[in-house]
There are 2 protein chains.
Amino acid sequence: MTEVARAAGVSVSTVSHVVNGTRLVAPKTRERVQHAMRVLGYQHHPTARSLAAGSNQTIGLAITAASNPYWVELIQGIDGEATRAGLNLIIVDTRDDARHEAAAVANLIAHHIEGLVIAPAVGWRDVTLPLLRDHPIPYVVVDRIDPDLRVDQVGVENEAATAAVVDHLISLGHTRIGMLLGIEGLSTSSERLRGYHAAHQRAGLPVDRALLVDGLSTSDGGRRAAWELLELDRPPTAVFAANNNMTIGALAAFRAAGVKVPRDLAIAAFDDFAWADLFSPGLTTVAQPSAAIGARAVQLLLRRMNDPGAPPQAVRLPAEIMHRESCGCTP
Amino acid sequence: MTEVARAAGVSVSTVSHVVNGTRLVAPKTRERVQHAMRVLGYQHHPTARSLAAGSNQTIGLAITAASNPYWVELIQGIDGEATRAGLNLIIVDTRDDARHEAAAVANLIAHHIEGLVIAPAVGWRDVTLPLLRDHPIPYVVVDRIDPDLRVDQVGVENEAATAAVVDHLISLGHTRIGMLLGIEGLSTSSERLRGYHAAHQRAGLPVDRALLVDGLSTSDGGRRAAWELLELDRPPTAVFAANNNMTIGALAAFRAAGVKVPRDLAIAAFDDFAWADLFSPGLTTVAQPSAAIGARAVQLLLRRMNDPGAPPQAVRLPAEIMHRESCGCTP
DNA sequence: TGGCTTTGCGCAAAGCCTTGCGCAAAGCGA
DNA sequence: TCGCTTTGCGCAAGGCTTTGCGCAAAGCCA
């Protein structure tokens, strides 16, 4: 940098300002500096800049690395928006476990990240949240919104979307609709359940609690829960699965049981699959705008980084219902 | 740090050495320093360390962020191993496009990463590779191995694994085996094709070139290629798809055509699916050790970072064949 | 006890950039 | 032409560690 300054006949501070555009530099001078940089092959040193400026232009993302397409798209959305904003992104794996999550976040904090996007694990309120309170670092929560928390959050309209799909099933004449519930302690799980209830209430339909079975948000749990439903005295005529993993398990169970979809049983599910129309029949799903959620999260984070005192904002993005054949509406 | 030094009655250099264990410090002194650190709540500043040490303990990963489970597992493997080695990982999305890839890699280089793991895009040799030659940064290639290149590489035994599966189909009596080829220009594509040929040669079976159709490595390409096969005068009795996306497309095509698997057509595919046994019937696949490939890549990278002159090494990890029902061997 | 090897630690330079402060020159209106 | 506002840029402090060099104290052997 000193060399460039000398070559251009200016001071290093001017070179710095040319590089960063941080203050007015006469066009002629700027030209000279840029030329000198080119000739000398000057390479900016980001580390030194970070040290000097006390900021490293890096944000962290704490998320489970589970091989779930939903997460991948979310990450893409976050990465894309961060790149656009000129921010680096460091991703750490929480393994969807609060303790790992806390360790990972502590690590990020030690690296002096300037902001954090977190898709919290179950139980994070007792472990990771206190950490975040101690270190006043801007952060935004994605996917799992906690209405009690006064923090920036971005998620999908779980309740409304679920209600809409269940409405649809009810309108097709189903009165006994089973639901595979997501793991307890996740706001997404409870919100989707609320949507189920809301649709029933609107239709004046009673809810048989036997039709609500816990699928633990996993493929295996979904499989087991589906079996439970099938073995009821009065099994459901339709099933709503609250996430993609459970859907996979449930489909396997139905296939094994020889249940034909949608002839014997109508199915709808939360989370869209790239391969949703691969199944026979195509799956009716609720598609989340994953990438948009990620992008929005970064925008909220930027806002908070610039204005730490801003009032917390909880954003809900609408979901899209993908009508395919499994719900039985288009035979 | 200065404060800690003062509080412990030592110099900052001693504090530094205590923190890093870089030279002998008398136990008593170390104790004092550590105590002072605790009392003062000393926080290490990684940025400053990077600047001073001229190294930032960060490696880059250039990979497509496509929502393909294979990549996710690969990333997990890389991330896990990097974390274990105390390295930070910055991931950039190549969009599987050589130009984007080059830009992304340039960006990483500008950030002074100390090593790079790259899953190259088609055409990278003309765009990204020269970049890597200009900046002598240690790197290792994953997934797409180029035998002509004298660089560190990690991949799977594409040829042997493919040959084994095709052997299996042949042993079941199939003599007309279709293949959905991956996009041209990818070593994985050509190696898998070689495996197909090798199996035929071993069995003394001629190869009908009409049975080799281009699936472009995409789901849509796979669908189209599958249709092509079905419309042949003498369609195949078995099909091998060279990656997971094409498999998805092909299955959709077969379903639409009313082809029953494996009764009418046997199927086997490269790349395992978490949901492979969800399909009716379960898919016989070649499972790559994705996480292991990623971990191994980081190990190779560490080796090269420590010993830049070491001879380049190309590692092939064995794949595992997952026998399910689609190949028709267990009716 | 004297000379030599360890052991332990301080000194200070180096690493590269950012930025508040302030000065000088240029521009402008009267 | 004078005084005042802009415009443009230099000075130098600062940010936090690492690390080569070298000195002093301690330990060891004869």
Side-chain angles (χ1 to χ4, degrees), chain A residues 1-38 40-58 86-88 109-114 135 305-306, chain B residues 1-58 86-88 107 109-114 135 305-306:
Chain A
M1 199 167 185
T2 317
E3 283 180 48
V4 172
R6 192 163 35 224
V10 298
S11 73
V12 284
S13 50
T14 298
V15 176
S16 169
H17 286 117
V18 167
V19 170
N20 301 300
T22 26
R23 84 177 173 195
L24 233 55
V25 173
K28 246 174 42 191
T29 315
R30 184 179 21 241
E31 189 72 21
R32 275 212 319 281
V33 172
Q34 282 166 343
H35 180 255
M37 293 198 300
R38 238 170 296 125
L40 295 173
Y42 169 70
Q43 282 257 30
H44 198 66
H45 192 127
T47 311
R49 177 222 287 275
S50 298
L51 180 60
S55 102
N56 56 10
Q57 302 283 91
T58 301
L87 293 172
N88 276 86
I109 290 173
H111 278 281
H112 291 210
I113 52 164
E114 283 162 23
H135 301 261
M305 282 161 57
N306 290 329
Chain B
M1 200 169 184
T2 317
E3 283 180 48
V4 172
R6 193 163 34 223
V10 298
S11 73
V12 284
S13 50
T14 298
V15 176
S16 170
H17 286 119
V18 167
V19 170
N20 301 300
T22 25
R23 84 177 173 197
L24 233 55
V25 174
K28 246 174 42 190
T29 314
R30 183 178 23 239
E31 188 73 20
R32 275 211 320 281
V33 171
Q34 281 165 342
H35 180 254
M37 293 199 301
R38 238 170 296 125
V39 170
L40 296 174
Y42 168 71
Q43 282 256 34
H44 199 65
H45 192 128
T47 310
R49 179 223 285 276
S50 297
L51 180 60
S55 103
N56 56 11
Q57 302 282 92
T58 301
L87 293 173
N88 277 86
N107 196 1
I109 290 173
H111 278 282
H112 289 210
I113 53 164
E114 283 163 23
H135 301 263
M305 281 161 58
N306 290 328

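Letters A, B, ... mirror the listed sequences (proteins, then strands); counts begin at 1.
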By the 4.0 Å heavy-atom rule, please label [X] as base, sugar-phosphate, or nothing.
X: V10(B); value: sugar-phosphate
X: L51(B); value: base
X: V15(A); value: nothing
X: E3(B); value: nothing

Between T14(B) and S11(B), is any pair of side-chain heavy atoms under 4.5 Å apart? yes

Within the pair N20(B) and dT18(D), is there a side-chain N or O less than 4.0 Å away from OP1 or OP2? yes

Phosphate OP1/OP2 of dT18(C) contacted by R49(A) side-chain N/O (<4.0 Å): yes

I want to confirm an ordering. Mapping L24(A) and S13(A) to their closest nucleotides on DNA chain D, which one lands closer to the 5' end? L24(A)

Nearest to the side chain of [X], heavy atoms from C-beta on, is which of [options]?
X: S16(A); options: dT19(C), dG8(D), dG10(C); result: dT19(C)
X: V25(A); options: dC17(C), dC9(C), dC9(D); result: dC9(D)
X: H44(A); options: dG10(D), dT18(C), dG8(D); result: dT18(C)

Using atom [atom1] of [X] as one end and atom [atom2] of [N] as the other, report the distance to the nearest whole Å.
X: H17(B); N: dC11(C); atom1: NE2; atom2: P; result: 14 Å
X: R6(B); N: dC11(C); atom1: CZ; atom2: P; result: 13 Å
X: K28(A); N: dA25(C); atom1: NZ; atom2: C1'; result: 13 Å

Rounded distance (nearest 0.5 Å) linking atom CG of L40(B) with atom NE2 of H35(B): 9.5 Å

Check: R23(A) side chain, dG10(D) base, donor-acceptor under 3.5 Å: yes

When you measure from the side chain of R30(A) to the backbone N and O of V18(A), does any donor-acceptor pair fall under 3.5 Å? no

Select from A52(A) and S11(B) the residue whose nearest nucleotide in DNA chain C is closer to the 5' end of that strand. S11(B)

